Amino acid sequence: MSERDRTGDSDSNSDSDFDSSPDDETWTLPADLEAVREALVDWYEGDHRDFPWRRTDDPYEILVSEVMSQQTQLGRVVDAWEEFTERWPTTAALADADRADVVGFWTSHSLGYNNRAKYLHEAARQVEEEFDGVFPRTPDGLQELMGVGPYTANAVASFAFNNGDAVVDTNVKRVCYRAFDVPDDDAAFEDAASDLMPEGRSRVWNNAIMELGGIACQQTPRCDEAGCPWREWCSAYASGDFTAPDVPTQPAFEGSRRQFRGRVVGTLREYDDLELDTLGHRIRVDYAPDGEYGREWLRGLLSDLADDGLVTLETRDGETVASLRR
């Protein structure tokens, strides 16, 4: 079973600097790391895609979902997963099955390479015969199973036993690169993902950060539409540069409303508060109070950001003053 990166419609911490890239590039995570964590978990727990394997902590059912999800859109996996686990509900049932039937199921549901089905069948036999029907609980132990590599082992440990390390897949790399300027280097991504994850919460965290990459921080970002919880801290949202390791060209963004929302957040991050016209002149060179891109236009941006819980607006001496909600 080969390891893979999920496709989107395809989880002791410190705040210190890291020398993590080959060029000794230094980068940091936000100082208020706990707020960053809470924002993501709250966003995920408030509303996320309801895949059936997210409602179970059965390691067998989670392993089946992980194998089926290899390089496959998650939405396509649901029916196959439900049929598979109904037909073979336990490792014992799968171990007793004829391998030709398992491979035939795989082929009929267009789940990709047939060797994944063979390895899954063999892994079920190992659990029954070598582990007395009980799954190993750690990433290292799970890698003893046929075809289970580091990524899958860590995912099962995380989602079944809440006992995994930080997941680092394409979505997580994209999020870390854009949000926190983590350089495109595997060691840097591992460090960042590890430091971001709250201790003892691998189940919810790894689900949440992969959901962030799959829903909000896609190759073409949906920051505002998906209500990304990290907009306040995100470098890409502030700068408008949404390139990433798997996004070699910048999506169309220049002059968009989203670009200027990001500039507002980035500018207010530098100041306690700013009056309307002062802010307007700082975010665009053609700002004119009574012009097309003036106070009315800027109030619209700020109203949207206030509705999203990112900006606070108040009136002082008859002037509108904006500040970043903290």
Side-chain angles (χ1 to χ4, degrees), residues 2-11 20-21 25 27 29 36 39-40 43-44 47-51 54 65-66 68-78 110-112 151-152 154-155 166-193 196-197 205-263 265-266 304 308 310:
S2 64
E3 291 303 290
R4 55 82 175 101
D5 291 321
R6 285 184 186 270
T7 53
D9 293 355
S10 47
D11 310 90
S20 48
S21 77
E25 181 178 352
W27 52 276
L29 295 177
V36 172
L40 178 58
W43 174 82
Y44 174 75
D47 183 25
H48 62 261
R49 291 173 295 180
D50 188 26
F51 297 119
R54 287 181 172 172
S65 76
E66 288 296 321
M68 287 186 173
S69 299
Q70 291 177 9
Q71 296 176 341
T72 304
Q73 298 288 326
L74 296 184
R76 292 180 47 219
V77 174
V78 174
S110 302
L111 290 170
Y151 183 96
T152 298
N154 188 52
V167 164
V168 182
D169 69 354
T170 294
N171 284 333
V172 174
K173 291 178 179 180
R174 187 187 317 120
V175 167
C176 291
Y177 185 93
R178 285 174 171 169
F180 307 124
D181 295 320
V182 178
D184 185 7
D185 173 71
D186 286 345
F189 287 130
E190 293 281 351
D191 284 344
L196 282 164
M197 187 178 77
W205 181 262
N206 285 331
N207 269 320
I209 196 168
M210 288 192 296
E211 185 82 346
L212 185 67
I215 292 296
C217 199
Q218 300 172 352
Q219 289 188 338
T220 299
R222 300 178 59 250
C223 317
D224 299 325
E225 301 94 319
C228 174
W230 282 357
R231 286 171 292 176
E232 175 182 342
W233 300 281
C234 180
S235 293
Y237 190 77
S239 69
D241 181 359
F242 286 93
T243 53
D246 63 330
V247 187
T249 58
Q250 185 173 333
F253 187 80
E254 189 66 28
S256 70
R257 189 173 180 84
R258 187 171 72 245
Q259 179 185 37
F260 287 103
R261 285 169 58 104
R263 287 186 182 177
V265 172
D304 289 347
D308 288 342
L310 294 173

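As the structure is a prediction and not an experimental result, all values here were calculated from the model. FYI, side chains are in, hydrogens and waters are out, and symmetry mates aren't considered; it's all heavy atoms of this structure.
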**Student:** Quick one, I215 and H48 - any side-chain contact, counting heavy atoms below 4.5 Å?
**Tutor:**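 No, every pair of side-chain atoms sits at 4.5 Å or beyond.
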**Student:** Enter the distance from R178:CZ to C223:SG here, rounded to the nearest 0.5 Å.
**Tutor:**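 Rounded to the nearest 0.5 Å, the CZ-SG separation comes to 7.5 Å.
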**Student:** Look up atom SG in C217 and atom CZ in R231, then write down how far apart they are to the nearest 0.5 Å.
**Tutor:**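 If we round to the nearest 0.5 Å, C217:SG and R231:CZ are 12.5 Å apart.
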**Student:** Could you grab the distance from atom CG of D224 to atom OH of Y237, nearest 0.5 Å is fine?
**Tutor:**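 Going from CG on D224 over to OH on Y237, the span is 3.5 Å.
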**Student:** Pick out which of V175, L40, L212 makes a side-chain contact (heavy atoms from CB on, under 4.5 Å) with C228.
**Tutor:**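 Output: one option passes, namely L212.
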**Student:** Side chains of D304 and R261: does their closest heavy-atom pair fall under 4.5 Å?
**Tutor:**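 Touching, per the 4.5 Å side-chain cut-off.
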**Student:** Tell me if a side-chain donor or acceptor on W205 pairs with a main-chain N or O of L196 at a distance below 3.5 Å.
**Tutor:**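 Side chain of W205 to backbone of L196, a donor-acceptor pair under 3.5 Å: no, none is there.
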**Student:** Kindly give the heavy-atom pair with the smallest separation between P229 and A39, and that separation in Å.
**Tutor:**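 What the structure gives for the nearest pair is CB-O, 3.4 Å.
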**Student:** Return the minimal non-hydrogen interatomic distance between R222 and Q218, and the atom names on each side.
**Tutor:**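 Taking R222 first and Q218 second, the nearest heavy atoms are CD-OE1, 3.6 Å.
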**Student:** For the residue pair S235 and D181, what are the closest heavy atoms and their distance?
**Tutor:**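 Heavy-atom minimum between the residues: OG-OD2, 2.9 Å.
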**Student:** Would you mind telling me which of V168, V172, D169, N171 makes a side-chain contact (heavy atoms from CB on, under 4.5 Å) with I209?
**Tutor:**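 When side-chain contact (heavy atoms from CB on, under 4.5 Å) is applied between I209 and each of V168, V172, D169, N171, only V172 qualifies.
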**Student:** With rounding to the nearest 0.5 Å, note down the distance linking CZ in F189 to OH in Y177.
**Tutor:**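 Reported to 0.5 Å precision, the distance equals 7.5 Å.
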**Student:** Ring centres under 6.0 Å, that's the criterion: do W230 and F180 meet it?
**Tutor:**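 W230 vs F180: aromatic centres under 6.0 Å.
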**Student:** Is the shortest heavy-atom distance from the side chain of R174 to the side chain of Q219 under 4.5 Å?
**Tutor:**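 In contact.
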**Student:** Is it the case that the side chain of R54 and the backbone of R49 share a donor-acceptor pair, with hydrogens and angles ignored and the cut-off at 3.5 Å?
**Tutor:**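 Pair found, side chain donor or acceptor close to backbone of R49.
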**Student:** I need the minimum non-hydrogen distance between A192 and V182, along with the two atoms involved.
**Tutor:**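 Closest approach of A192 to V182: CB-CG2, 3.8 Å.
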**Student:** Using salt bridge (charged side-chain N to carboxylate O under 4.0 Å, His left out) as the criterion, point out the one residue from D186, D185, D246, D184 that pairs with K173.
**Tutor:**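 Exactly one pass, corresponding to D186.
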